[in-house]
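Data block below; observations after.
Per chain, numbering begins at 1; letters A, B, ... match sequence-line order. The structure presented is a predicted model; accordingly, all values stated were derived computationally and were not measured.
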Number of protein chains: 2
Amino acid sequence: MAVEEKVEITDAEWEIMRVVWTLEQATSKEIIEVLQEKKDWKPATTKTFIGRLVKKGMLLAAPQGNKFIYSAGISEEGSVKSATDRLFGQICSRAAGKTIADMISKALLSHEDIQLLQAALDAKKSEAVDTVPCNCIPGQCKCKKEHNINCH
Amino acid sequence: MAVEEKVEITDAEWEIMRVVWTLEQATSKEIIEVLQEKKDWKPATTKTFIGRLVKKGMLLAAPQGNKFIYSAGISEEGSVKSATDRLFGQICSRAAGKTIADMISKALLSHEDIQLLQAALDAKKSEAVDTVPCNCIPGQCKCKKEHNINCH
DNA sequence: CTCCTTCATTTACAGTTGTAATCGATTAAT
DNA sequence: ATTAATCGATTACAACTGTAAATGAAGGAG
């Protein structure tokens with residue numbers, strides 16, 4: 001399988017990529033139109049982001065006459081994974097559970113999603129621990145947090 | 001309840017905040033020591049971030065003699081929520097379910113976490129939809145994605 | 001063949017971020 | 001008292017981001 005590159009996608013770039021992932025193939029005009037409506041970006045702004053993404057290899061530009069047809073150079077799948085990895089790198093490992101629970105509460109989910117979630121959760125039940133260690137400070141835990149009294 | 005400010009916390013700032021959230025009270029020396037070990041940051045680097053966080057009100061500096069005792073000016077809870085909101089603002093709404101499932105698979109969870117997750121999931125079961133609409137492009141759905149054939 | 005339109009490319013520019021040295025004031029040590 | 005160690009504040013600086021105008025090249029309209 002293709003090694004998923006560790007790409008850093010900015011907020012603005014996500015918007016472009018999402019359009020391209022959705023349309024699979026798109027001209028700059030199409031992308032510009034979508035984002036003019038969705039984000040109220042000037043055409044020049046969208047062009048800048050397209051250019052930067054092409055330079056970084058996140059967008060592929062296939063010459064079509066004198067124009068280009070753009071397509072994704074990175075997978076949505078992998079990009080989403082990178083983004084979640086980043087989030088979980090930021091927050092305290094102890095906060096993961098509650099954070100995921102909040103996400104579930106907030107998200108709009110399909111029946112299929114629910115099944116996926118249930119399966120993932122069931123798989124976890126066997127390997128649950130008593131206390132998740134805090135990873136905010138290396139070495140001996142110095143947590144003062146109430147919920148962390150067992151954290152050492 | 002306190003209105004949770006819409007704060008933007010950078011990667012580096014997360015590190016500082018996590019130390020302070022963990023210790024609850026900390027001198028610059030303590031913060032510097034932790035991050036020197038954990039991130040190999042020079043003391044000056046950590047000082048810069050502390051200064052920026054104080055200026056933004058994310059860290060509170062209580063004068064203690066000629067030094068300061070730092071404490072958090074924003075809640076960990078709210079900050080984590082902001083970060084997850086941002087993530088879900090970036091990705092396609094259709095990707096949420098799978099993304100959360102991946103998180104569950106990857107996370108280290110406690111028994112308590114599992115219960116939270118199960119409760120959140122159960123609560124969702126009643127309101128699951130057949131198809132989550134894609135929100136990448138406004139207006140009529142133009143999704144070319146295979147999984148999106150029902151998306152309109 | 002000439003002008004307008006359309007793209008892509010180049011340039012602009014301020015604000016943010018990561019990374020850090022230096023400076024200035026103050027305290028602790030000699 | 002003089003010196004050394006701290007600590008906060010100021011300054012530095014390049015890369016990245018968001019936002020966009022200007023420019024150049026090439027095709028389409030007339």
Whole-Å distance separating the CG atom of B/Leu53 from the C1' atom of C/dT17
12 Å
Run the side chain to side chain contact (heavy atoms under 4.5 Å, CB included) test against B/Glu33 and tell me which residues pass, sequence neighbours left out.
B/Lys29
Is B/Lys56 touching bases, backbone alone, or none of the nucleic acid, heavy atoms closer than 4.0 Å?
sugar-phosphate
Any A/Thr27 side-chain heavy atom under 4.5 Å of A/Lys67 side chain
no
Whichever of A/Ile9 and A/Lys42 has the more 5' nearest nucleotide on DNA chain D, that residue is A/Ile9
Between atom NZ in B/Lys55 and atom P in C/dT16, what is the gap in whole Å?
10 Å
Show me the donor-acceptor pairs within less than 3.5 Å that the side chains of residues 96-121 of chain B make with the rest of the protein, sequence neighbours left out.
residue: B/Lys98; atom: NZ; partner: B/Asp102; partner atom: OD1; Å: 3.4
residue: B/Thr99; atom: OG1; partner: B/Ala95; partner atom: O; Å: 2.6
residue: B/Asp102; atom: OD2; partner: A/Lys81; partner atom: NZ; Å: 3.0
residue: B/Ser105; atom: OG; partner: B/Ala101; partner atom: O; Å: 3.1
residue: B/Lys106; atom: NZ; partner: A/Asp85; partner atom: OD1; Å: 2.9
residue: B/Ser110; atom: OG; partner: B/Glu112; partner atom: N; Å: 3.3
residue: B/Ser110; atom: OG; partner: B/Asp113; partner atom: N; Å: 3.0
residue: B/Ser110; atom: OG; partner: B/Asp113; partner atom: OD2; Å: 3.2
residue: B/Asp113; atom: OD2; partner: B/Ser110; partner atom: N; Å: 3.0
residue: B/Gln118; atom: OE1; partner: A/Gln118; partner atom: NE2; Å: 3.0
residue: B/Gln118; atom: OE1; partner: A/Lys125; partner atom: NZ; Å: 2.8
residue: B/Gln118; atom: NE2; partner: A/Gln118; partner atom: OE1; Å: 3.0
residue: B/Gln118; atom: NE2; partner: B/Asp122; partner atom: OD1; Å: 2.9

Please report how far the helix from C/dC1-D/dG30 to C/dT30-D/dA1 bends, comparing the axis fitted to its first five pairs with the axis fitted to its last five, to the nearest 10 degrees.
10°
Nearest whole Å is fine: how far is C/dA20 C1' from B/Arg52 CZ?
10 Å
Gap between atoms CH2 and P, on B/Trp41 and C/dG18 respectively (whole Å):
7 Å
Between P of C/dT19 and NZ of B/Lys39, the distance in whole Å:
8 Å
Flag yes if A/Phe49 and A/Leu60 sit in one hydrophobic cluster, no otherwise; membership is Ile, Leu, Val, Met, Phe, Trp, Tyr, and two members link when side-chain heavy atoms are under 4.5 Å apart.
no
Could you list the residues that satisfy side chain to side chain contact (heavy atoms under 4.5 Å, CB included) with A/Lys47, not counting sequence neighbours?
A/Ile32
I need the CZ-C1' distance between B/Phe49 and C/dT19, as an integer number of Å.
6 Å
A/Glu8 with A/Lys56: basic N within carboxylate O range, under 4.0 Å
no
Whether B/Arg18 side chain and A/Gln90 backbone form a donor-acceptor pair below 3.5 Å:
yes
Does anyone know the first and last nucleotide of DNA chain D in reach of chain A, 5' to 3', at under 4.0 angstrom to a heavy atom?
D/dT17 to D/dG27
Contact under 4.0 Å: B/Thr45 side-chain N or O vs C/dA20 OP1/OP2:
yes
Considering only heavy atoms from C-beta outward, does the side chain of B/Ile9 approach that of B/Ile74 to under 4.5 Å?
yes
Pick out the pairs of N or O atoms, protein on one side and nucleotides 7-10 of chain C on the other, that lie under 3.5 Å.
residue: C/dA8; atom: OP1; partner: A/Phe68; partner atom: N; Å: 3.4
residue: C/dA8; atom: OP1; partner: A/Tyr70; partner atom: OH; Å: 3.2
residue: C/dA8; atom: OP2; partner: A/Ser28; partner atom: OG; Å: 2.5
residue: C/dA8; atom: N7; partner: A/Lys47; partner atom: NZ; Å: 3.3

Are any of the side-chain heavy atoms of A/Leu59 and A/Phe68 separated by less than 4.5 Å?
no
Should B/Ile31 and B/Val54 be counted in the same cluster of Ile, Leu, Val, Met, Phe, Trp and Tyr side chains packed under 4.5 Å apart?
yes
Do B/Leu87 and A/Trp21 sit in one hydrophobic cluster, given that two such residues count as connected whenever their side-chain heavy atoms are within less than 4.5 Å of each other, even indirectly?
yes
Let me know the distance between CD of B/Glu15 and P of C/dG18, rounded to the nearest Å.
10 Å
